[in-house]
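The first residue in the sequence is number 1, and the count goes up from there.
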Amino acid sequence: YSSGGTSLSYPFVLAFGYALGFVDLHLMVWAAIVAAVSVLGLLLAVRGLFAPLPRWTTYLAPPLLLATGALDWSLWSGMETAFFLGTWGLTLALWLDLVAAAEAPGRSLVARAIGVGLAGALAVATRPEAASSVAIFGVSAALVALRRGRGASAAAVLALVGAPGALVVVLHAAANLALTGDSAAAGAISKLEVHDPFRGRAEV
């Protein structure tokens with residue numbers, strides 16, 4: 001067990017491709033397929049943010065997203081960035097549906113909130129910093145429900161959206177502590193040490 005890799009889900013995504021026969025350098029082909037599908041999913045989900053605007057504005061999303069060279073490199077590097085954005089896009093799409101339901105009186109929110117929570121948990125398992133995005137999704141959906149006079153539903157939404165991702169963070173920290181003696185991921189610790197302002201390069 002190594003806590004150095006902070007993405008819990010991506011190794012399993014790669015392992016699935018390996019099981020399909022994408023071995024040795026061909027594993028990069030699988031990683032590229034995952035990246036392409038993930039980026040397409042993200043772009044389709046982001047279209048929902050343009051719903052109040054004219055349809056032609058949706059065509060601005062791809063060039064705006066892909067205009068950052070460092071991000072483009074990350075998307076096709078074989079690392080988990082593209083898959084993470086795909087999971088974030090899934091969470092976004094489900095959140096948009098949850099918010100639409102919260103604004104309509106009488107529509108059930110529980111199943112939709114669970115969906116957002118599970119998608120958010122996958123995003124958190126892919127990159128732990130996604131917990132902040134999941135928190136924003138949960139709080140914003142709960143506020144919409146609260147403004148519509150649905151206090152009990154708002155509390156349920158907040159709990160159901162936030163709990164799965166929080167559970168992933170807690171279980172990850174517990175596994176790290178049990179198996180390595182430190183609850184923080186080794187990769188995160190090493191990044192902090194590299195940028196420690198109180199140590200010289202030789203000491204780091």
Side-chain angles (χ1 to χ4, degrees), residues 1-49 58-95 115-137 164-165 167-173 175-176 179-180 182-196 201 204:
Y1 177 84
S2 169
S3 66
T6 49
S7 181
L8 298 177
S9 64
Y10 194 59
F12 292 99
V13 172
L14 294 178
F16 183 71
Y18 190 89
L20 291 177
F22 291 90
V23 297
D24 298 324
L25 292 179
H26 294 291
L27 191 57
M28 275 303 296
V29 175
W30 173 251
I33 292 169
V34 170
V37 171
S38 297
V39 171
L40 176 62
L42 171 68
L43 290 171
L44 290 173
V46 166
R47 287 179 66 186
L49 295 173
T58 63
Y59 297 105
L60 296 174
L64 289 174
L65 177 73
L66 300 174
T68 306
L71 176 61
D72 295 340
W73 179 88
S74 257
L75 292 175
W76 309 112
S77 65
M79 297 189 296
E80 74 277 3
T81 308
F83 182 69
F84 166 64
L85 289 176
T87 63
W88 186 89
L90 175 62
T91 310
L92 171 68
L94 294 172
W95 171 79
V116 175
L118 292 177
L122 179 59
V124 170
T126 305
R127 290 299 312 168
E129 56 269 26
S132 58
S133 290
V134 174
I136 292 169
F137 285 138
L167 186 62
V168 168
V169 171
V170 170
L171 290 177
H172 189 196
N176 287 346
L179 297 171
T180 69
D182 198 328
S183 61
I189 293 170
S190 65
K191 288 172 188 172
L192 290 174
E193 288 176 342
V194 166
H195 300 288
D196 187 338
R201 178 173 293 186
V204 168

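- Screening residues 79-89 for salt bridge (Lys or Arg N to Asp or Glu O under 4.0 Å) gives E80-R127 as the qualifying pairs, with residues at least two apart or on separate chains.
- Although no hydrogens or angles enter the test, the distance criterion places no donor-acceptor pair under 3.5 Å between the side chain of T81 and the main chain of L75.
- To the nearest 0.5 Å, the span separating CG on L90 from CG on L85 amounts to 12.5 Å.
- Residues passing the side-chain contact (heavy atoms from CB on, under 4.5 Å) test with A184 are D182, I189, sequence neighbours excluded.
- When side chains are defined from C-beta on, R47 counts as touching L44, because their heavy atoms get closer than 4.5 Å.
- A donor-acceptor pair is defined here as one N or O able to donate and one able to accept, closer than 3.5 Å; no such pair exists between the side chain of T126 and the backbone of S9.
- One finds the CZ atom of F16 at 10.0 Å from the CZ atom of F22 (value rounded to the nearest 0.5 Å).
- Note: L92 CG to F137 CZ = 5.0 Å, rounded to the nearest 0.5 Å.
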Kindly list each side-chain donor-acceptor pair under 3.5 angstrom involving residues 25-43, sequence neighbours excluded, with atom names and distances?
residue, atom, partner, partner atom, Å
W30, NE1, V13, O, 2.9
S38, OG, V34, O, 2.7

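- Taking both residues in full, the closest heavy atoms of L71 and L65 are given as CD2-O, 3.5 Å, listed atom of the first, atom of the second, then distance.
- To the nearest 0.5 Å, atom CH2 of residue W95 and atom CD1 of residue I136 are 10.0 Å apart.
- Counting heavy atoms from C-beta outward, S7 and F83 have side chains that stay 4.5 Å or more apart.
- Between atom OG of residue S133 and atom CZ of residue F84 there is a gap of 6.0 Å, rounded to the nearest 0.5 Å.
- Residue pairs that meet the side chain to side chain donor-acceptor pair (under 3.5 Å) test with at least one member in residues 62-78, sequence neighbours left out, do not exist here.
- D24 is linked by a salt bridge (charged side-chain N to carboxylate O under 4.0 Å, His left out) to nothing, counting only residues two or more places apart in sequence or in another chain.
- In this structure, N176 CG and T180 OG1 are separated by 5.0 Å, a value rounded to the nearest 0.5 Å.
- For V168, the side-chain contact (heavy atoms from CB on, under 4.5 Å) partners two or more places apart in sequence, or in a different chain, are L8, A121, V124, A125.
- Listed here is the closest heavy atom pair of L94 and A119: CD1-CB, 3.8 Å.
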